2 protein chains.
Amino acid sequence: MRIGELSERTGASRRLLRYYEEQGLIESDRRPNGYREYGDAIVDRVLQVRGLLDAGLPTRVIKQILPCLETRVIHVADATPETIATLEGELDRMTERIRCLTRNRDAVAAYLDAVRRARR
Amino acid sequence: MRIGELSERTGASRRLLRYYEEQGLIESDRRPNGYREYGDAIVDRVLQVRGLLDAGLPTRVIKQILPCLETRVIHVADATPETIATLEGELDRMTERIRCLTRNRDAVAAYLDAVRRARR
DNA sequence: CTTGACCCTCACACCTGTGTGATCGTTGAA
DNA sequence: TTCAACGATCACACAGGTGTGAGGGTCAAG
């Protein structure tokens with residue numbers, strides 16, 4: 001598919017899709033035109049990138065995390081000690097984010113429940 | 001305590017603490033000097049604000065969420081329908097963030113496990 | 001009284017993700 | 001052939017969170 005369709009399917013503007021590619025988060029083939037060509041699998045990847053961006057991770061970190069998703073043993077080989085250390089750090093930060101979000105979400109939910117009960 | 005101590009205790013620069021106040025996320029009393037004066041409770045509040053910012057929430061949203069944390073029945077009263085609708089929307093977005101983060105964190109964890117096992 | 005460590009306000013600047021528009025090439029249908 | 005719709009690159013602009021520094025008060029210790 002071309003960039004327009006991918007944009008519609010993911011909700012990301014064409015501009016952003018090009019930006020993600022520039023940041024090394026997604027890839028594309030090129031037609032003889034120069035037009036970008038995407039496979040179906042890219043849709044999930046884009047959605048994942050957008051989810052992580054929305055969750056506060058910078059592109060630099062997302063770029064490091066993405067290879068972990070492809071469960072290929074190949075990638076396990078080229079893991080330098082620094083990469084591993086970085087990933088461990090990010091793992092902790094993600095866990096902390098989850099904890100923070102969960103705590104606050106539960107509080108909001110409890111609040112809304114209280115409001116609803118008070119309404120009656 | 002004054003702003004310097006609060007800064008040390010929270011890891012937020014003085015600049016940021018003033019910014020958070022300007023955005024209505026925290027409050028402070030003023031000494032006759034004009035110096036800001038904080039109570040102990042503010043430390044947790046600042047940490048919470050920073051956690052939510054780090055998790056991708058903008059100050060505008062954080063400002064709406066914060067009152068939910070103070071479990072005072074008083075606040076339940078002044079909840080306009082729009083506020084409630086907004087909170088419900090944010091609740092969903094937070095849940096979605098949590099889901100995304102959890103999925104990716106687990107993937108990273110699995111990857112690191114695989115690497116560690118491969119190392120031996 | 002002076003000095004150093006705080007505090008204040010204000011303004012400018014940066015980075016990152018994103019929008020917008022200019023200018024131009026490609027393609028398919030009328 | 002022409003026109004509309006799409007694609008490409010590039011550049012400028014913006015907003016939000018953050019850093020930095022200027023210019024100036026406050027206050028306690030020497």
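Reminder, nothing fancy here: chain letters follow the sequence lines and each chain counts from 1. Source: prediction; values computed, not measured.
B:Tyr35 and B:Val46 fall into different hydrophobic clusters, where Ile, Leu, Val, Met, Phe, Trp and Tyr are joined by side-chain heavy atoms under 4.5 Å apart, directly or via other members.
Contact check for A:Asp40 versus A:Met1: side-chain heavy atoms found under the 4.5 Å cut-off. Using a 4.5 Å heavy-atom cutoff, the side chains of B:Leu101 and A:Leu57 are in contact. The closest side-chain heavy-atom distance from A:Arg50 to A:Tyr20 is below 4.5 Å. Considering only heavy atoms from C-beta on, B:Arg99 stays 4.5 Å or farther from B:Thr102 through its side chain. The shortest distance between side-chain heavy atoms of A:Leu16 and A:Thr10 does not fall below 4.5 Å. A:Gln23 has its side chain out of reach of A:Arg60: every pair of non-hydrogen atoms, C-beta onward, lies at least 4.5 Å apart. A:Tyr111 places none of its side-chain heavy atoms less than 4.5 Å from the side chain of B:Ile65. A:Leu66 has its side chain within reach of A:Val49: a pair of non-hydrogen atoms, C-beta onward, lies under 4.5 Å apart.
Residues satisfying the side chain to side chain contact (heavy atoms under 4.5 Å, CB included) test with B:Arg18, not counting sequence neighbours, are B:Ile3, B:Arg14, B:Arg36. Contacts of A:Asp54 classified as side chain to side chain donor-acceptor pair (under 3.5 Å), with partners at least two apart in sequence or in another chain: B:Arg93, B:Arg97.
In terms of phosphate contacts, A:Tyr20 brings a side-chain nitrogen or oxygen within less than 4.0 Å of OP1 or OP2 of C:dT18. Between A:Arg36 and the phosphate of D:dT9, there is a side-chain N or O to OP1/OP2 separation shorter than 4.0 Å. Applying the 4.0 Å criterion to OP1 and OP2 of D:dG19, one finds that B:Ser13 has a side-chain N or O inside that range. Between A:Arg30 and the phosphate of D:dT9, there is a side-chain N or O to OP1/OP2 separation shorter than 4.0 Å.
As rounded to whole Å, 17 Å separates atom P of C:dT20 from atom OH of A:Tyr19. Nucleotide D:dG16 holds its C1' atom 15 Å from the NZ atom of B:Lys63, rounded to whole Å. Counting to the nearest Å, the P atom of C:dC7 and the CD atom of B:Glu5 are 9 Å from each other. Across the protein-nucleic acid pair, B:Glu37 atom CD and C:dC6 atom C1' stand 13 Å apart, rounded to whole Å. One can place CZ of A:Arg2 at 8 Å from C1' of D:dG7, the figure rounded to the nearest angstrom. Atom CD of B:Gln23 is separated from atom C1' of D:dG17 by 9 Å (rounded to the nearest Å). Note: CZ (A:Arg18) to P (D:dC6) measures 13 Å, nearest angstrom. Separating the CG atom of A:Leu6 from the P atom of D:dC6 is a distance of 15 Å, rounded to the nearest angstrom.
A:Gln48 pairs with exactly one of A:Leu25, A:Leu69, A:Ile62 by the side-chain contact (heavy atoms from CB on, under 4.5 Å) rule, that one being A:Leu69.
As judged by a 4.0 angstrom heavy-atom cut-off over every strand, A:Arg31 is placed among residues making no nucleic acid contact. Residue contacts shown for B:Arg60 are absent, as no nucleic acid heavy atom lies under 4.0 Å away.
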Between the protein and nucleotides 12-14 of chain C, which nitrogen or oxygen pairs come in under 3.5 angstrom?
none

Could you write out each protein N or O paired with an N or O of nucleotides 22-29 of chain C at a distance under 3.5 Å?
| unit_1 | atom_1 | unit_2 | atom_2 | d |
| --- | --- | --- | --- | --- |
| C:dG25 | N2 | A:Tyr35 | OH | 2.7 |
| C:dT26 | O4' | A:Tyr35 | OH | 3.4 |
| C:dT26 | O2 | A:Tyr35 | OH | 3.4 |
| C:dT27 | OP1 | A:Asn33 | OD1 | 2.6 |

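The overall bend of the helix from C:dC1-D:dG30 to C:dA30-D:dT1, read as the angle between its terminal helix axes built from five base pairs each, is 10° when rounded to 10 degrees.
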Practice item. Starting from the C-alpha separation in whole Å, work towards a yes-or-no answer on salt bridge (Lys or Arg N to Asp or Glu O under 4.0 Å) for B:Arg30 and B:Glu21. Key: CA-CA 13 Å; B:Arg30 291 300 180 115; B:Glu21 180 175 329; 3.8 Å; yes
Exercise for review: List the steps, then state whether salt bridge (Lys or Arg N to Asp or Glu O under 4.0 Å) holds for A:Asp92 with B:Arg105.
Suggested key: CA-CA 9 Å; A:Asp92 289 348; B:Arg105 182 202 51 179; over 6 Å; no
Point to revise | side chain to side chain donor-acceptor pair (under 3.5 Å) assessment of A:Thr83 paired with A:Thr86 | key: CA-CA 5 Å; A:Thr83 303; A:Thr86 308; over 6 Å; no
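Checking C:dC6, D:dA8, C:dC8 against every side-chain atom of B:Ile3, the shortest atom distance belongs to C:dC8.
For residues 38-59 of chain A, proximity to DNA chain C is found at A:Leu53, A:Pro58, A:Thr59, defined as any non-hydrogen atom under 4.0 angstrom from a strand atom.
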